[in-house]
Engineer: 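Handing you a structure now.
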Amino acid sequence: QVQLVESGGGLVQPGGSLSLSCVASGSIFKINAMGWYRQAPGKQRELVAVMRNGASTYYIDSVKGRFTISRDNAKNTVYLQMNSLKPEDTAVYSCHGDITKLPINGVRVTADFWGQGTQVTVSS
């Protein structure tokens with residue numbers, strides 16, 4: 001199986017910074033993309049940022065210029081550096097991986113995997 005474990009998050013004042021990290025482990029053949037979603041109370045989950053193989057990135061408009069996603073491929077780790085945080089960034093942030101598992105009986109399976117989620121609260 002494949003596991004994604006997040007760390008980071010917490011409480012920060014508006015204008016502050018936080019860094020999230022997510023490590024993927026287990027039966028990994030290839031990581032196709034890793035990214036971060038968030039869900040605020042009463043709202044739908046939204047994609048915040050994603051980095052695909054080849055290092056192409058996508059950011060939701062509301063975080064452009066403030067958040068930076070990066071990956072350490074050797075460590076199967078994705079990071080999200082969040083600067084100039086705003087109260088509206090408050091949410092549970094979840095790591096997502098589009099991962100191809102090691103083949104079983106010659107068959108490779110690609111699936112979505114999720115971390116457990118970490119709370120980010122921006123408040124004075």
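Quantities reported herein were computed from a predicted structural model and do not represent experimental measurements.
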Engineer: Measure the shortest side-chain to side-chain distance between Ser123 and Leu11 over non-hydrogen atoms and say whether it is less than 4.5 angstrom.
Structural biologist: yes
Engineer: Restricting to non-hydrogen atoms, name the atom on Ser124 and the atom on Pro14 that form the minimum distance, rounded to 0.1 Å.
Structural biologist: N-CD, 3.7 Å
Engineer: Taking it one step at a time, do Val48 and Ile69 satisfy side chain to side chain contact (heavy atoms under 4.5 Å, CB included)?
Structural biologist: CA-CA 9 Å; Val48 177; Ile69 189 170; over 6 Å; no
Engineer: Do Trp36 and Ile60 sit in one hydrophobic cluster, given that two such residues count as connected whenever their side-chain heavy atoms are within less than 4.5 Å of each other, even indirectly?
Structural biologist: yes
Engineer: Nearest 0.5 Å please: distance from the OG1 atom of Thr100 over to the CD1 atom of Ile28.
Structural biologist: 10.5 Å
Engineer: Between Leu4 and Ile99, is any pair of side-chain heavy atoms under 4.5 Å apart?
Structural biologist: yes
Engineer: Taking atom CD of Glu6 and atom OG of Ser21, what is their separation to the nearest 0.5 Å?
Structural biologist: 9.0 Å
Engineer: Could you see if Tyr79 belongs to whatever hydrophobic cluster contains Tyr37? Use Ile, Leu, Val, Met, Phe, Trp, Tyr and a side-chain cutoff under 4.5 Å.
Structural biologist: no
Engineer: Tell me whether the rings of Tyr93 and Phe67 are parallel (<30°), tilted (30 to 60°) or perpendicular (>60°).
Structural biologist: tilted
Engineer: Going by the rule salt bridge (Lys or Arg N to Asp or Glu O under 4.0 Å), which residues pair with Arg45 if we only count those two or more places apart in sequence or in a different chain?
Structural biologist: none
Engineer: I want to check something: taking the side chain as every heavy atom from C-beta on, are Gln1 and Phe113 in contact at a cut-off of under 4.5 Å?
Structural biologist: yes
Engineer: To check you understand the geometry: which heavy-atom pair defines the closest contact between Gln81 and Ser19, and what is its length?
Structural biologist: OE1-CB, 3.5 Å
Engineer: Show every salt bridge (charged side-chain N to carboxylate O under 4.0 Å, His left out) that has at least one partner inside residues 29-42, sequence neighbours left out.
Structural biologist: Arg38-Glu46, Arg38-Asp89
Engineer: Give a yes or no answer on whether the side chain of Asp112 reaches the backbone of His96 with a donor-acceptor pair at less than 3.5 Å.
Structural biologist: no
Engineer: Would you kindly confirm whether Val122 and Tyr59 end up in one hydrophobic cluster when ILVMFWY residues are joined by side chain heavy atoms under 4.5 Å apart?
Structural biologist: yes
Engineer: Within the distance-only criterion (no hydrogens, no angle test), does the side chain of Gln39 pair as donor or acceptor with the backbone N or O of Gln44 below 3.5 angstrom?
Structural biologist: no
Engineer: Between Thr90 and Glu88, is there a side-chain donor-acceptor contact under 3.5 Å, judged purely by atom types and distance?
Structural biologist: no
Engineer: Looking at CE of Met82 and OG of Ser17, how far apart are the two atoms once the value is rounded to the nearest 0.5 Å?
Structural biologist: 9.0 Å
Engineer: What's the verdict on side-chain hydrogen bond (donor to acceptor under 3.5 Å, both in side chains) for Thr110 and Asp98, showing C-alpha distance, side-chain angles and the deciding distance?
Structural biologist: CA-CA 7 Å; Thr110 297; Asp98 175 353; 5.3 Å; no
Engineer: How many angstroms lie between OG1 in Thr68 and CZ in Arg66, if you round to the nearest 0.5 Å?
Structural biologist: 11.0 Å
Engineer: Over all heavy atoms of both residues, which pair between Ser94 and Gly117 is shortest? Give the atoms and the distance, please.
Structural biologist: OG-CA, 3.7 Å
Engineer: Group every Ile, Leu, Val, Met, Phe, Trp and Tyr by side-chain heavy-atom contacts under 4.5 Å, then state whether Trp114 and Leu47 land in the same group.
Structural biologist: yes
Engineer: What I'd like to find out is whether the side chain of Leu20 reaches to under 4.5 Å of the side chain of Val120, using heavy atoms alone.
Structural biologist: yes
Engineer: Measuring only between side-chain heavy atoms, which start at C-beta, is Met34 closer than 4.5 Å to Cys22?
Structural biologist: yes
Engineer: Can you see whether Asp72 engages Thr77 through a side-chain donor-acceptor pair at a distance of less than 3.5 angstrom?
Structural biologist: no
Engineer: Under 4.5 Å between side-chain heavy atoms, counting indirect links through other Ile/Leu/Val/Met/Phe/Trp/Tyr residues: same cluster for Val12 and Val92 or not?
Structural biologist: no
Engineer: Specify the closest pair of heavy atoms between Gly8 and Thr118, including all atoms of both residues, with the distance to one decimal.
Structural biologist: O-OG1, 2.9 Å
Engineer: Do Arg108 and Lys101 pass the side chain to side chain contact (heavy atoms under 4.5 Å, CB included) test, and can you show the C-alpha distance, the side-chain angles, and the key distance before you say yes or no?
Structural biologist: CA-CA 6 Å; Arg108 296 175 190 168; Lys101 296 171 61 176; over 6 Å; no
Engineer: To the closest 0.5 Å, what do you measure between CG (Asn53) and CZ (Arg71)?
Structural biologist: 5.0 Å
Engineer: Roughly how far, to the nearest 0.5 Å, is the OG atom of Ser25 from the CG atom of Asn76?
Structural biologist: 8.5 Å
